Amino acid sequence: MAKIFDSIYVNNGQKIVLELKDITPKGYTENYRRKLFCSTEGCNAKLSFVAKSGNRSYLRTWRYSLHSKHCLHFFDKEEGEISGKRSNVQIGVVYGDQMNRSQKEAFELEVLSEEERVKRLEDKSRQRNNRNKRLRKRSTSEQLTMHMILDPSMLTEDSPKLKARLYKRDVDTLKKNDLGQARTLIGRIQSVDYSEQNTIVRIFKNNTYINVKFEKAFFASAPTYFNLFPYIQRFSEENDSVIFCATGEVRKNMENNEFELIVFNKEGLLIHGMTLPSLVASYWTQQLSF
């Protein structure tokens with residue numbers, strides 16, 4: 001069964017969206033117990049919070065509470081069984097415009113001063129509180145964090161048209177829960193290594209490093225991009241602290257035990273606020289400024 005990352009807290013007729021990260025063992029025991037429900041519209045399945053050490057806590061469905069059939073978390077239960085396989089599992093797609101928007105927001109936040117950053121985050125928090133008050137109708141796509149399609153080769157005519165929720169992470173904030181998920185990562189370029197076999201942009205933040213990899217699937221969908229990567233290297237060598245934002249699938253490298261990001265789409269990278277074609281065009285026209 002897919003993990004559940006957010007819920008609806010219902011108390012005296014008030015409904016508030018709560019994400020997993022907002023719930024602590026103490027808060028659950030004192031405030032939220034027996035008051036958490038599935039956040040999919042029209043689904044009233046009850047949820048409970050399971051506290052684990054580190055970042056392994058999770059939300060799960062009550063043993064005898066059923067999700068509605070249209071819900072992502074729906075699964076059939078045979079009599080006497082605690083759990084079973086879900087039918088008609090839906091898969092979310094992260095689209096190019098969504099990646100572009102996520103990377104742009106990440107870059108804008110990264111270049112802000114500390115005071116501006118705090119203000120921006122406070123504004124976001126107020127917006128979220130306003131949404132909670134109105135409890136706008138939320139699409140099923142927001143529940144699809146666990147099942148995303150990023151690899152273009154996996155898309156067919158029958159692929160779903162549901163947008164999956166896309167989270168942003170600094171390189172040094174990646175956790176085990178991010179493995180296998182689509183994420184937009186933010187860091188600074190340390191090095192660029194490009195070859196026909198493996199193209200890697202190594203990025204870092206606060207002494208934490210990861211490799212952003214562009215493999216065959218990426219160049220199959222964007223074959224002309226291979227010859228453009230030297231411009232990323234050139235730009236990073238000519239300028240200090242170049243911000244790199246990339247959207248892909250988080251994996252774990254078995255050799256060095258580091259996190260790594262696999263990028264499949266040409267929309268999956270932003271170099272100091274510029275797309276790769278824009279960066280190259282700036283060099284061609286000699287209009288590049290930092």
Side-chain angles (χ1 to χ4, degrees), residues 3 5 21 54-56 94 96 98-112 117 145-146 148-152 164-219 221-222 225-226 228-237 239-276 279:
K3 291 182 179 179
F5 290 94
K21 64 182 178 62
N55 295 295
R56 298 167 55 202
V94 178
Q98 192 179 5
M99 296 183 203
N100 293 335
R101 186 168 58 253
S102 176
Q103 294 159 14
K104 181 179 178 181
E105 291 174 355
F107 173 73
E108 291 175 347
L109 190 63
E110 187 70 11
V111 297
L112 293 177
R117 182 193 295 264
T145 307
M146 291 297 294
M148 298 184 182
I149 292 179
L150 279 169
D151 187 347
R165 191 171 184 176
L166 181 58
Y167 293 92
K168 295 181 281 291
R169 296 283 188 268
D170 289 333
V171 167
D172 59 328
T173 63
L174 280 176
K175 305 294 183 183
K176 288 183 179 179
N177 289 343
D178 294 308
L179 285 173
Q181 308 300 326
R183 296 286 186 259
T184 293
L185 293 191
I186 309 100
R188 308 283 171 142
I189 295 179
Q190 185 204 35
S191 62
V192 182
D193 180 21
Y194 47 92
S195 67
E196 294 183 2
Q197 289 73 32
N198 214 7
T199 297
I200 296 173
V201 178
R202 188 161 177 79
I203 61 177
F204 69 96
K205 190 167 188 179
N206 294 327
N207 294 319
T208 300
Y209 295 79
I210 78 161
N211 289 335
V212 180
K213 294 186 175 182
F214 302 83
E215 299 178 339
K216 291 182 179 180
F218 176 86
F219 294 110
S221 63
Y225 269 51
F226 177 75
L228 305 185
F229 273 81
Y231 289 92
I232 302 179
Q233 182 182 36
R234 176 180 173 182
F235 184 68
S236 65
E237 291 174 348
N239 302 280
D240 295 327
S241 198
V242 174
I243 299 170
F244 191 82
C245 305
T247 302
E249 180 181 319
V250 179
R251 297 180 184 174
K252 201 70 172 287
N253 188 297
M254 295 295 98
E255 294 181 1
N256 57 23
N257 206 37
E258 287 184 352
F259 288 108
E260 59 185 20
L261 188 76
I262 311 301
V263 179
F264 297 99
N265 312 76
K266 64 181 181 180
E267 296 88 356
L269 68 158
L270 201 68
I271 307 97
H272 214 82
M274 296 175 284
T275 64
L276 185 49
L279 173 65

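On a predicted model such as this, the values are computed, not experimentally measured, just so you know. Any value given below was found using the heavy atoms of this structure, including those in side chains, with hydrogens, waters and symmetry copies removed.
The number of heavy atoms from other shown groups lying within 6.0 Å of NZ (Lys266) does not exceed 12. Summarising the local packing, CG of Asn207 is surrounded by 12 or fewer heavy atoms from other residues, nucleotides or ligands at distances under 6.0 Å.
Here the CG atom belonging to Asn239 is positioned 10.5 Å from the CZ atom belonging to Arg234, to the nearest 0.5 angstrom. Rounding to the nearest 0.5 Å gives a distance of 11.5 Å between CG of Asp170 and OG1 of Thr184. Taken to the nearest 0.5 Å, the CD1 atom of Ile203 stands 10.5 Å off from the OG atom of Ser191. Here the straight-line distance linking atom CD1 of Ile262 with atom CD of Glu215 works out to 4.5 Å at 0.5 Å rounding. Put simply, CG on Leu179 and CD on Glu249 are 9.5 Å apart, with the number rounded to the nearest 0.5 Å. To the nearest 0.5 Å, atom CG of residue Asn211 and atom CG of residue Asn198 are 8.5 Å apart.
Put simply, the side chain of Ser102 never gets that close to the backbone of Gln98: no donor and acceptor are under 3.5 Å apart. At least one donor-acceptor pair under 3.5 Å links the side chain of Thr199 to the backbone N or O of Ser195.
A cation-pi contact, defined as under 6.0 Å to the ring centre and within 45° of the axis, links Lys252 to Phe259.
For the pair Val171 and Phe204, the minimum side-chain heavy-atom distance is 4.5 Å or more. Between Lys21 and Asn177, the closest side-chain pair of non-hydrogen atoms is not below 4.5 Å.
Heavy-atom minimum distance, Ile271 versus Leu279: CG2-CD2, 4.2 Å. Minimum interatomic distance between Leu261 and Arg183 (heavy atoms only, all atoms of both residues): CD1-O, 4.1 Å. Across every non-hydrogen atom of Val263 and Phe218, the tightest pair is O-CB, 3.5 Å. Residue Ile186 comes nearest to Ala106 through the heavy atom pair CG1-CB, 3.4 Å, listed as atom of the first residue, atom of the second, then distance. Of all heavy-atom pairs between Phe107 and Cys245, the closest is N-SG, 4.0 Å.
With sequence neighbours excluded, the residues that form a side chain to side chain contact (heavy atoms under 4.5 Å, CB included) with Gln233 are Val192, Tyr194, Glu237. Residues passing the side chain to side chain contact (heavy atoms under 4.5 Å, CB included) test with Thr275, sequence neighbours excluded: Leu270, Pro277, Ser278.
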Let me see the working for Arg169 and Gln181 under side-chain contact (heavy atoms from CB on, under 4.5 Å), right down to the final yes or no. CA-CA 11 Å; Arg169 296 283 188 268; Gln181 308 300 326; over 6 Å; no
Mind running side-chain contact (heavy atoms from CB on, under 4.5 Å) on Ile210 and Glu260 for me, showing each step along the way? CA-CA 5 Å; Ile210 78 161; Glu260 59 185 20; 5.5 Å; no
After noting the C-alpha distance and the side-chain angles of Lys205 and Thr208, does the key distance pass the side-chain contact (heavy atoms from CB on, under 4.5 Å) rule? CA-CA 5 Å; Lys205 190 167 188 179; Thr208 300; 5.8 Å; no
Are Leu185 and Val212 close enough, and set up right, to give a side-chain contact (heavy atoms from CB on, under 4.5 Å), and what steps lead you there? CA-CA 9 Å; Leu185 293 191; Val212 180; 5.5 Å; no
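For the 3.5 Å distance criterion, the side chains of Arg188 and Ser241 qualify, holding a donor opposite an acceptor. A donor and an acceptor atom, one from each side chain of Thr247 and Glu267, are nowhere located under 3.5 Å apart.
Note: Phe229 and Phe214 meet the aromatic proximity criterion, with ring centroids under 6.0 Å apart.
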